[in-house]
Amino acid sequence: MVAAVRRYGPAALLLLTGAAILRISLFSELYLRYVQPALRPYLVVSGCVLVGLGVLAAAVRGPGRGGEREGEQERPEDAGHGHVEEHGQSHSHTHNPRIAWLLTLPALALLLFPPPALGSYSAEREAAQRAAQGIGDFPALPAGNPLELTLAEFGSRAVYDSGRSLAGRTVRLTGFVTRDADGTWYVTRLLVACCAADATTSKVEIRNADADAPPADAWVTVTGTWHPEGELGTDEAWPPVLDATGVRRIAQPANPYEALR
């Protein structure tokens, strides 16, 4: 049993890791919880390479190959020389670093129990730090109401647009719910430049909603109009405010993040 683990362990580890990557990138859209859509081909290729290497490693380490013959570890004359061989001439048996087996834990978790997308806890941990942007005119918005906007687009125009392009427009925003201790609630979205590790927060305070606020982390689509607050470009203007005319619960989108542009 020990010999089999030593022989096929590295191959099994490669196969397990490759299968986990393919599970989230080729056979589902779970990869969108962690990285941008543009990175999918690289994940698929990586998973295929790891699976291929695992199959190759298993074939090379098969019985009678790789310098390890059946029963070689069982010979009585080897029992008393393990220490000498370990520190002397090169030994025919391959010894695998035990720490490498720690990779099985994240691989199994990714294969069997993929972690959920980042939510309200991650959003609340981030301070309201925003990239420095100059106040100025923004491009004209498309005609028609309600206007679908990302939270980042809405927030940028609400805080920095001197042309007040949001004034009088009905907009529709989609995100998950975060809440303050005083009952104030927000529609929130995490923005990623590359992967979930670099996520930043964009959120909009919701006011005048007829119904009670949905629970934290619930996904909603909110329709309403911009409610100007504070002077442009100041902390008083952040987060932007929306006077809601409608709130609708929805399922979490396949891609829960917004992309930084």
So, for G155 and P240, which heavy atoms are closest and what is the spacing to 0.1 Å?
CA-CG, 3.8 Å
Are V187 and W226 connected, step by step, through hydrophobic side chains (Ile, Leu, Val, Met, Phe, Trp, Tyr) whose heavy atoms are closer than 4.5 Å?
yes
Within a radius of less than 6.0 Å around CD of E231, do more than 12 heavy atoms belonging to other residues, nucleotides or ligands occur?
no
Which heavy atom in L191 sits nearest to a heavy atom in S202, and how many Å separate them?
CD1-CB, 3.2 Å
Check whether the side chains of R157 and S165 place a donor and an acceptor atom closer than 3.5 Å, and report yes or no.
yes
Validation row: L22, F27 side chains within 4.5 angstrom (heavy atoms)
yes
Between A158 and L232, what is the shortest heavy-atom contact and its length?
O-CD2, 3.5 Å
Within this structure, what is the SG-CG distance for the pair C48 and L26, rounded to the nearest 0.5 Å?
6.5 Å
Could you walk me through whether Y186 and I206 satisfy the side-chain contact (heavy atoms from CB on, under 4.5 Å) test, starting with their C-alpha distance in whole Å, then the side-chain angles of each, then the deciding distance to 0.1 Å, before giving a yes or no?
CA-CA 5 Å; Y186 310 85; I206 304 300; 5.7 Å; no
hydrophobic_cluster_shared for L149 and V222, side chain cutoff 4.5 Å
yes
Any donor-acceptor pair under 3.5 Å from S46 side chain to Y42 backbone
yes
Point-to-point distance, once rounded to the nearest 0.5 Å, from CG of D217 to CD of Q252
9.0 Å
Nearest heavy-atom neighbours spanning A58 and A11
N-CB, 3.5 Å
Find out whether E229 and E236 are in side-chain contact, i.e. whether some heavy atom of one side chain is under 4.5 Å from a heavy atom of the other.
no
So do the side chains of S162 and F138 get within less than 4.5 Å of each other, counting heavy atoms only?
no
So, taking the atom named CZ in R248 and the one named CZ in R172, what distance separates them when rounded to the nearest 0.5 Å?
7.0 Å
Is it possible for you to say whether V247 and V204 belong to one hydrophobic cluster, with membership spreading through side-chain heavy-atom contacts below 4.5 Å?
yes
Atom pair CG/CG of L53 and L15 - distance to nearest 0.5 Å:
9.5 Å
Looking at side-chain heavy atoms only, is the closest gap between F154 and L173 below 4.5 Å?
yes
With side chains defined as the heavy atoms from C-beta onward, is the minimum distance between P214 and W185 less than 4.5 Å?
yes
Got a second to check how far D161's CG is from S156's OG, nearest 0.5 Å?
9.5 Å
Check whether L39 and V44 end up in the same hydrophobic cluster, where Ile, Leu, Val, Met, Phe, Trp and Tyr are linked by side-chain heavy atoms less than 4.5 Å apart.
no
So do the side chains of N145 and R169 get within less than 4.5 Å of each other, counting heavy atoms only?
yes
Is there side-chain contact between T245 and T225, with heavy atoms separated by less than 4.5 Å?
no
Is a donor on one side and an acceptor on the other found under 3.5 Å between the side chain of R189 and the backbone of T201?
no
Is it possible for you to say whether V171 and L141 belong to one hydrophobic cluster, with membership spreading through side-chain heavy-atom contacts below 4.5 Å?
yes
Side-chain donor/acceptor of D243 to backbone N/O of G224, under 3.5 Å:
no
Would you check, one step at a time, whether the test side-chain contact (heavy atoms from CB on, under 4.5 Å) holds for E258 with L151?
CA-CA 8 Å; E258 289 181 358; L151 294 184; 3.7 Å; yes
Candidate pair V177 and W219, rule side-chain contact (heavy atoms from CB on, under 4.5 Å), full reasoning:
CA-CA 6 Å; V177 174; W219 280 82; over 6 Å; no
Does a side-chain N-to-carboxylate-O contact under 4.0 Å join E205 and K203?
no
Rounded to the nearest 0.5 Å, the CG atom of L50 sits from the CG atom of L14 at a distance of 6.0 Å
